[in-house]
Peer 1: 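Questions regarding the structure given below will be posed in turn.
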Amino acid sequence: MKGIVNFTPGPSQIYFTVEDHVRNAFREGIPSLSHRTKEFEKISMLATDGVKELLGIPSDFHVFFTSSATEIWERSIQNLVAHKSLHFVNGAFSKRYFEIAMQMGKTARKIEVPAGHGFSDNPDEADIELVALTHNETSTGVSLPMGFINQFRDQYPNALIAVDAVSSLPYPQFDFTKIDTLFFSVQKGFGLPAGLGVWIVNDRCIAKSEELLNKGISIGSYHNLPSLLQHAKKNQTPETPNVLGIYLLGKVIGDFLRRGIQVIRKETEYKAAILYQALSVHEKVSPFVVNPSDRSQTVIVAQSNEHTKAITQHLAATGLQAGDGYGEKKATQLRFANFPAHSKEQFEKLVDELGKFS
Ligand SMILES: *Cc1c(COP(=O)(O)O)cnc(C)c1O
């Protein structure tokens, strides 16, 4: 709704430039543009190059488009695992990745900790082909420290390291020498309408998918990695893609680049700091994630117990829509997305209004 700030993690607040980009898209005929045209190839290249520049992605990585991050969960298992994957599970989203691996008939192992916690134990497992990490567990507001992610290359030199960063990008800067695949969908940190997933993979992933194919293992049909690569080399896609979504992604990334990724990162940290501070001193709510080094900068979860409904109503009356707690925590927690679409002023207002609720 117009005039309401949407703090739900996803779909989240639309970035303020998107409405104009959509209008221009209609003017330019993008919604009915054929994807087998030079014009589409330019749009695809703009988005792809933008993703690489914004996230600092090295040249041996490729950027592919899918329908969603959920699709990438499945495709990554299908294309990168013959037998065995290892999953770090600390909430609903990391758990879903693990479950999909099992549904795909793989031997999925999990290392699980309770909601709201990071991982302290990391025992060795044999024959792991893929380590599946959820950088930002959207259901609980726990983020993995970079040092945690970066240890797996040495621990499992033969495995591929997969990072789901759906609810943290574009904020985090990953070390691309330590990971092999990274993915997100656009309705969270990129402030766009839903319906587009972005899958970033290196040549090790391509080689693994070809190895599975040569062994006679099914890696799917149109969205398998060799097919995606073959088309992406020509700035093309195997199927009729979300052309409007790809167009908008390129445009919004252009806006992010002009604003500067360092500015976006600094502002993200500022907004997170003032909200965590407000929650820490509040009489009725507190940060759900107790250990500060496990706390997400981009999805901030408040333990609000019996005050949940009243706080939601108080904030709504001032034009601020808090995100519900996830799943069974719906009545006892609130979630606040901290994405580039959420301004410093909006966060200052949020903190003020929380302070008034006592
Ligand atoms: C939202 C989310 C997904 C799923 O994204 P879709 O675009 O709905 O498929 C996956 N992982 C995480 C961490 C998420 O927050």
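Counting starts at 1 for both ligands and their atoms, in listed order. The figures here come from the full heavy-atom set of this structure, side chains too, leaving out hydrogens, waters and symmetry mates.
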Peer 1: Kindly confirm or rule out a cation-pi arrangement of R335 over Y326, judged by NZ or CZ under 6.0 Å from the six-membered ring centre and within 45° of its axis?
Peer 2: no
Peer 1: I need the contact residues for ligand 1: any residue with a non-hydrogen atom closer than 4.0 Å to the ligand, ordered by chain then number.
Peer 2: S68, A69, T70, W73, F93, T134, N136, T138, D164, V166, S167, S185, Q187, K188
Peer 1: If we count only N and O atoms by modelled type, under 3.5 Å, do the side chains of S85 and H87 hold a donor and an acceptor together?
Peer 2: yes
Peer 1: Would you please indicate if the ring centroids of Y247 and F40 are separated by under 6.0 Å?
Peer 2: no
Peer 1: Does the ring centre of F93 sit less than 6.0 Å away from the ring centre of F98?
Peer 2: no
Peer 1: Just one of K106, R204, R109, K208 clears the salt bridge (Lys or Arg N to Asp or Glu O under 4.0 Å) bar with E129, so which one?
Peer 2: K208
Peer 1: Within a reach of under 6.0 Å around NZ of K95, are more than 12 heavy atoms found that belong to other residues, nucleotides or ligands?
Peer 2: no
